[in-house]
Amino acid sequence: MSAFESSSLPAASVPLKRADGSAIRVLVVDDENSLTDLLKMALRYEGWEIRTADTGRKALDVAREFRPDAIVLDIMLPDIDGLSVLHRLRQQGDDVPVLFLTAKDALDDRIAGLTAGGDDYVTKPFSLEELVARLRALIRRSTLTGVTDGPVITVGDLTLDEDSHEVMRGGTPIELTATEFELLRFLMRNPRRVLSKAQILDRVWSYDFEGRASVVEIYISYLRKKIDAGRPPMIHTVRGAGYMLKAAETTP
């Protein structure tokens with residue numbers, strides 16, 4: 001089975017560049033040469049600089065030297081798998097956005113990828129248009145494009161700096177992935193407002209995510225572990241309606 005549904009190039013879109021005006025850098029990791037060749041063509045069409053790797057170990061070496069702004073990473077690789085590659089990147093302190101490629105159609109496999117610290121995934125076969133759109137969404141949410149210039153958002157003792165992407169609660173720094181940051185920003189820009197899973201999918205992921213609202217539950221869980229762990233809760237589930245963030249209630 002082909003890994004992609006169409007060999008046509010995506011339609012031209014608004015150029016996306018790094019904050020310094022240089023080309024976006026993307027690392028494509030897959031052991032199928034026909035697939036990497038097609039992805040190189042499609043992503044270069046976006047005006048981006050592309051490097052490729054066909055094994056997990058080579059991917060780690062290229063990532064260390066190339067310093068990509070995003071990685072397209074196949075889960076099934078001939079040496080170490082994509083999840084292990086990502087785990088090593090995160091251990092090294094690299095928070096580069098990662099879009100997983102997977103031939104597996106089981107939801108558990110995709111959840112495993114997100115749990116490992118990945119930001120999104122596409123399931124083979126996929127269309128080039130879909131992959132490029134999702135990759136652009138990841139890059140736009142990253143700190144490297146410099147597209148966010150709003151003020152510091154404060155809700156209770158929680159602050160989020162849209163310029164530096166720093167998040168603190170009660171003066172304690174909190175490390176978030178690009179997707180976690182975008183989700184928290186959406187919640188904090190709408191304090192005390194119930195946001196449905198559909199609204200969150202549309203705003204944070206910029207597409208329907210094939211109707212799988214479970215990804216919202218997964219990332220809400222991630223945020224709770226980082227934002228609310230050991231503290232009065234700020235993120236609340238409104239049964240049958242969605243989620244809401246509000247300042248923690250303090251006891252007199």
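What's counted below: heavy atoms across the whole structure, side chains too, no hydrogens, waters or symmetry copies.
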Flag side-chain contact, heavy atom, 4.5 Å: Leu158 against Leu245 | yes
Under 3.5 Å, is there a donor-acceptor pair between the Ser84 and Asp81 side chains?
-> yes
Side chains of Trp48 and Arg136: does their closest heavy-atom pair fall under 4.5 Å?
-> yes
Non-hydrogen side-chain atoms of Thr172 and Arg231 separated by less than 4.5 Å = yes
With sequence neighbours excluded, residues passing side-chain hydrogen bond (donor to acceptor under 3.5 Å, both in side chains) with Arg44 = none
Taking the side chain as C-beta and beyond, is there a heavy-atom pair between Ile153 and Glu162 under 4.5 Å?
-> yes
Is the shortest distance from a Lys or Arg side-chain nitrogen in Asp61 or Arg51 to a carboxylate oxygen in the other one below 4.0 Å?
-> no
Could you tell me whether the side chain of Leu39 reaches within less than 4.5 Å of the side chain of Ile50, counting heavy atoms only?
-> no
Look at the side-chain heavy atoms of Ile, Leu, Val, Met, Phe, Trp and Tyr, link any pair under 4.5 Å apart, and say whether Ile71 and Val62 land in one connected group.
-> yes
Residues Ile139 and Ala70: closest non-hydrogen pair is CG1-CB, 3.8 Å
Please list, chain by chain and in numerical order, all residues satisfying side-chain hydrogen bond (donor to acceptor under 3.5 Å, both in side chains) with Asp157, sequence neighbours excluded.
-> Arg169
If you count the non-hydrogen atoms of other residues, nucleotides and ligands that lie under 6.0 Å from CD in Gln92, is the total more than 12?
-> yes
Does the pair Val26 and Leu135 meet the rule for a side chain to side chain contact (heavy atoms under 4.5 Å, CB included), with working shown?
-> CA-CA 9 Å; Val26 178; Leu135 195 55; 4.1 Å; yes
Is there a side-chain contact between Tyr219 and Val204, using heavy atoms and a 4.5 Å cut-off?
-> no
Would Val194 and Ile227 show up in the same hydrophobic cluster when neighbours are defined by side-chain heavy atoms closer than 4.5 Å?
-> no
Indicate yes or no: does Lys197 engage Glu217 in a salt bridge with an N to O separation below 4.0 Å.
-> yes
